[in-house]
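For reference, the structure is listed below as structure tokens.
When reading the values below, keep in mind they use all heavy atoms of this one structure, side chains included, and skip hydrogens, waters and symmetry mates. Whatever order the structure lists them in is the order used to number ligands and atoms, beginning at 1.
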Amino acid sequence: MKDHVRSNWHNAVLVCRKCSKKLDGGFGKDGEERLAKALRRHLSLKKGRKAAAGIIEVNCLGICPRGAITVVNGAASRDWMLVRPGTDLDELAVALDLTASADARDPD
Ligand code: FES
């Protein structure tokens with residue numbers, strides 16, 4: 001059995017699934033999409049390890065902010081972000097070091 005597996009991820013971003021559920025959307029064109037999905041779509045990223053970056057929904061991270069979503073940038077994990085609904089996804093992508101991933105976006 002292999003002891004490691006390669007991925008194409010340039011970075012990994014953890015998004016709290018429970019915060020996202022509580023907000024019931026808040027992102028995307030009509031404000032009805034969850035953050036992880038909206039960000040993936042905005043950057044044309046696929047799911048899984050073949051994507052240029054990983055945007056993963058994870059269990060509660062223990063912050064539980066009201067009206068925001070806890071997000072961890074894997075490349076800068078000492079500062080966690082609390083992202084409010086309607087946040088500009090371009091600015092968020094820059095803050096999360098995802099722009100290089102967008103440049104290497106997945107071909108469709
Ligand atoms: S519910 Fe998101 S950090 Fe706890």
Side-chain angles (χ1 to χ4, degrees):
M1 192 171 119
K2 293 181 188 176
D3 61 357
H4 66 276
V5 176
R6 284 191 55 87
S7 88
N8 293 337
W9 292 4
H10 165 263
N11 191 9
V13 170
L14 312 180
V15 178
C16 174
R17 177 184 301 116
K18 194 171 168 190
C19 289
S20 300
K21 254 188 192 168
K22 280 198 238 170
L23 283 186
D24 194 23
F27 297 90
K29 209 166 63 181
D30 300 322
E32 292 179 357
E33 245 172 9
R34 289 159 71 128
L35 176 60
K37 189 173 180 184
L39 201 51
R40 246 186 256 121
R41 183 196 301 270
H42 187 73
L43 298 171
S44 302
L45 293 171
K46 291 180 183 167
K47 276 180 153 180
R49 68 187 177 93
K50 299 278 170 87
I55 299 174
I56 314 296
E57 283 194 336
V58 297
N59 290 337
C60 174
L61 292 160
I63 306 297
C64 314
R66 272 182 185 231
I69 299 175
T70 308
V71 176
V72 179
N73 176 358
S77 55
R78 293 178 65 95
D79 286 311
W80 295 10
M81 298 178 71
L82 304 179
V83 179
R84 298 198 173 279
T87 298
D88 183 89
L89 293 181
D90 281 324
E91 289 175 14
L92 186 59
V94 170
L96 292 170
D97 298 327
L98 289 172
T99 48
S101 311
D103 293 342
R105 74 183 52 170
D106 301 318
D108 274 332

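- Side-chain contact between F27 and L39 is absent, with no heavy atoms from C-beta onward closer than 4.5 Å.
- Side-chain atoms of I55 and L98, non-hydrogen and from C-beta on, do get closer than 4.5 Å to each other.
- Heavy atoms from other residues, nucleotides or ligands lying under 6.0 Å from CG of D79 number 12 at most.
- Between the side chains of D90 and H42, a donor-acceptor pair is found at a separation under 3.5 Å.
- The shortest side-chain heavy-atom distance between L92 and M81 falls under the 4.5 Å cut-off.
- With a 6.0 Å radius and a threshold of 12 heavy atoms from other residues, nucleotides or ligands, K18 has its NZ atom at or below the threshold.
- Below the 2.8 Å limit, atom 4 (Fe) of ligand 1 has as protein N, O or S neighbours C60 SG, C64 SG.
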